[in-house]
Structure formats: structure tokens, C-alpha cells
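Structure record follows, encoded as C-alpha cells.
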Amino acid sequence: MRKKMVAGNWKMHGNLSENEQLLTAIIPALNELRNSLLAVCVPFPYLSSVQHLLHNTNLGLGAQNVSQFEKGAYTGEVSVSMLSDFGCKYVIVGHSERRMLYSESSSVVADKYIAAQRGNLIPLLCVGETLEQREAGITQQVIQEQMKAVIDKAGVDSLGKAIIAYEPVWAIGTGKTASPQQAQDVHAFIRQGVSLQNSNVANDLTILYGGSVKASNASELFAMPDIDGGLIGGASLIADDFIAISRALNN
Ligand code: PEP
């Protein structure tokens, strides 16, 4: 059965005391949401402290990046098994900030996705077009290429153990949210594309929307038939907003 989810992407924000304050507010408020998946994806140095704060709660722990390599001379990188050591269940791969600021190609993203699954982590695979691409009318082509890069390497069945996040680049951190219909159209396109290869996997695939989701627009986005929740950046750092967005999943 398709699961709904809200995941916070803290990006490079927070510190020990702010994280504790945030989670101490969020955890009890979200305790009743037992039918959905909830997670926070935190910076590497805070994995250990957040792991302890999340112990015995319904909030899962995630990281924001991972190496495609198992181990070795890769200075500054963090492996899948290291994330597992700290109780991570999820890892974001292919976030547009990593694709654009750190030149991660779709092929590298696919390798990270495969590495994550091999180590029993659930990849949150981000796809999305830039404003120029949308204006050029090539949104579907871009999404298809990003999805194909992963499916070609990992196989369509691998999506049975993954979560997709559609994140239009022009909506991330800009305050400009895709309209529910704009997001729905791309979500449906992603699901149909997967369905051509495996309709069961497509039906069960959780596809999140990300890009300036707020407490005020979450409900109408999540009401769309192919939008199964959200990947939340800025608003995940504000306890009341993250709580309201999670409750908008309507458990
Ligand atoms: C994100 O970084 O994944 C994101 C969706 O950010 P924001 O919600 O701030 O647009």
C-alpha cells in the first residue's frame, strides 16, 4: 500500500541546542500520526545526538547525502554503513543543490541510490527541472532523463524500496510554490512512466512534493491524487510549521 510521508531537510542549519529544542517540540505533537512516515534529514555531525532524541519515537532519521563508494580513500565522504551505524533509515540523493552546486551527475546520483539500497537505506530520490527548463517546455523530458538514469542502472523494481521527491528547482527556498495542479501533473507523469514498466511498483510508489511547502499550502498540495506528502526545507526548521504540515497528511 502506498504510504504518505513528510520528511524535513534541515540542510546546513541547526546546532546542538537548537536541534534539541526543535525536536522536543515536534516529537510529542506528531506522536499520534502513526499511519504516515515521518523523518528528519539532518547534517552529518548531528546524526548521533538526533538518533538519541528520536529513540522510541515515530520520527525516522535520515541523512542528506552519502558516498556511492563503500569505503576507501575518499576524504570528506561518508559511507552508507556509517549512516547505518547511527540508525539512519533514509538518505536524500540527487537533491538539486547537490546536482548544481557539487556537479553531481544523474549517473552519480544513480550510484548513490544503488549504494543506499545495498546497505538497506531508503533513498529519497530528488528530481526536478529548473525555471529555464520549465519555460523551454522540457519539464517532462528532464524528469524522464533523471528517472531513467536511475531505472537503467538499478532496475524499475528498485523503486519498491525508494521514495521519489519531485522538487522543481525554481520552487526550492524561493517562496514560490508549484500550484497543486502543476505539481500533480508532474507527479502523475512520474507515476505513469513507472507504470509502463511495473504498474504495482507505480501504484505503491510514494512521490513527495518539495519546494516552499508551508503550513498554509500543504493541505491543498497533499489533497492531489498523486502527491503523497512533502520534502520540506525551510519550514522543517520551525516546529509549529513542521507539525502543521505533517498533520496536513490527514491521517
Ligand atoms: C528542499 O530543500 O528540499 C526544499 C524543498 O526546500 P524548501 O522547502 O525550503 O523550498
Side-chain angles (χ1 to χ4, degrees), residues 4-14 18-19 22 26 37-44 46 50 59-66 88-102 104 106 109 112-113 116 121-131 133-134 139 142-143 146-147 150 162-180 182-184 186-187 190 206-222 224 226-249:
K4 294 185 175 190
M5 179 180 207
V6 164
N9 172 15
W10 289 2
K11 311 197 188 194
M12 200 172 71
H13 293 291
E18 282 174 10
N19 301 347
L22 180 63
I26 287 173
L37 304 172
L38 301 170
V40 285
C41 299
V42 312
F44 293 138
Y46 301 122
V50 173
L59 266 178
L61 180 59
Q64 301 169 17
N65 185 27
V66 70
C88 276
K89 195 167 169 199
Y90 305 99
V91 61
I92 297 174
V93 297
H95 192 282
S96 60
E97 285 154 13
R98 297 225 49 98
R99 290 181 192 261
M100 293 168 80
L101 302 174
Y102 300 94
E104 280 186 15
S106 286
V109 171
K112 291 183 175 206
Y113 171 103
L121 293 187
I122 298 176
L124 288 168
L125 170 66
C126 300
V127 296
E129 82 288 2
T130 63
L131 185 58
Q133 290 166 332
R134 176 163 280 265
T139 297
V142 171
I143 303 294
Q146 290 172 342
M147 290 295 297
V150 169
I163 287 162
I164 303 294
Y166 166 55
E167 298 211 310
V169 179
W170 48 272
I172 296 180
T174 59
K176 279 189 214 158
T177 316
S179 71
Q182 279 176 320
Q184 164 61 24
V186 178
H187 283 232
I190 293 171
T206 298
I207 309 178
L208 309 180
Y209 168 77
S212 300
V213 177
K214 311 175 194 77
S216 58
N217 59 24
S219 295
E220 49 173 2
L221 284 159
F222 300 169
M224 302 309 278
D226 288 295
I227 301 182
D228 307 310
L231 180 55
I232 318 299
S236 72
L237 300 169
I238 302 162
D240 285 348
D241 289 4
F242 191 68
I243 292 164
I245 291 167
S246 302
R247 286 188 175 148
L249 288 173

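Remember, it's 1-based here, ligands and their atoms both numbered in the order they're listed. If you're wondering where the values come from, they're calculated on a predicted model, not measured in any experiment.
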Compute the shortest N/O to N/O distance between G233 and ligand 1 and return yes if it is under 3.5 Å, no if not. yes
Closest candidate by heavy atom, reference atom 7 (P) of ligand 1, pool G210, A7, G128, S212: S212
Would you say that S236 contacts V40 through its side chain, given a criterion of any heavy-atom pair below 4.5 Å between the two side chains? no
With Y166, which of I227, D226, I143 fulfils side chain to side chain contact (heavy atoms under 4.5 Å, CB included)? I143
Atoms in ligand 1 with a heavy atom of G211 nearer than 4.0 Å: 5 (C), 10 (O)
Using a 4.0 Å heavy-atom cut-off, which part of N9 comes near ligand 1: side chain, backbone, both, or neither? side chain
May I ask you to test the Q64-W10 pair for a side-chain heavy-atom distance under 4.5 Å? yes
heavy-atom search around atom 1 (C) of ligand 1 in the protein gives H95 NE2, 3.2 Å
For ligand 1 and G234, I'd like to know whether there is a polar contact (N/O to N/O, distance under 3.5 Å). yes
Got a sec: does the NZ of K89 have more than 12 other heavy atoms crowding it under 6.0 Å? no
Ligand 1 and T174, any nitrogen or oxygen pair closer than 3.5 angstrom? no
I need the atoms of ligand 1 closer than 4.0 Å to a non-hydrogen atom of E167, numbered in the order shown. 1 (C), 3 (O), 4 (C), 5 (C)
Below 4.5 Å, heavy atoms only, C-beta onward: do F242 and L22 meet side chain to side chain? no
Within a distance under 4.0 Å of any heavy atom of G173, pick out the atoms of ligand 1 and give their elements. 7 (P), 9 (O), 10 (O)
Note: ligand 1 atoms sitting under 4.0 Å from heavy atoms of A171 are 10 (O)
Just checking, any donor-acceptor pair under 3.5 angstrom between side chains of H95 and E167? yes
Do Y209 and P168 come within less than 4.5 Å of each other through their side chains, counting heavy atoms only? yes
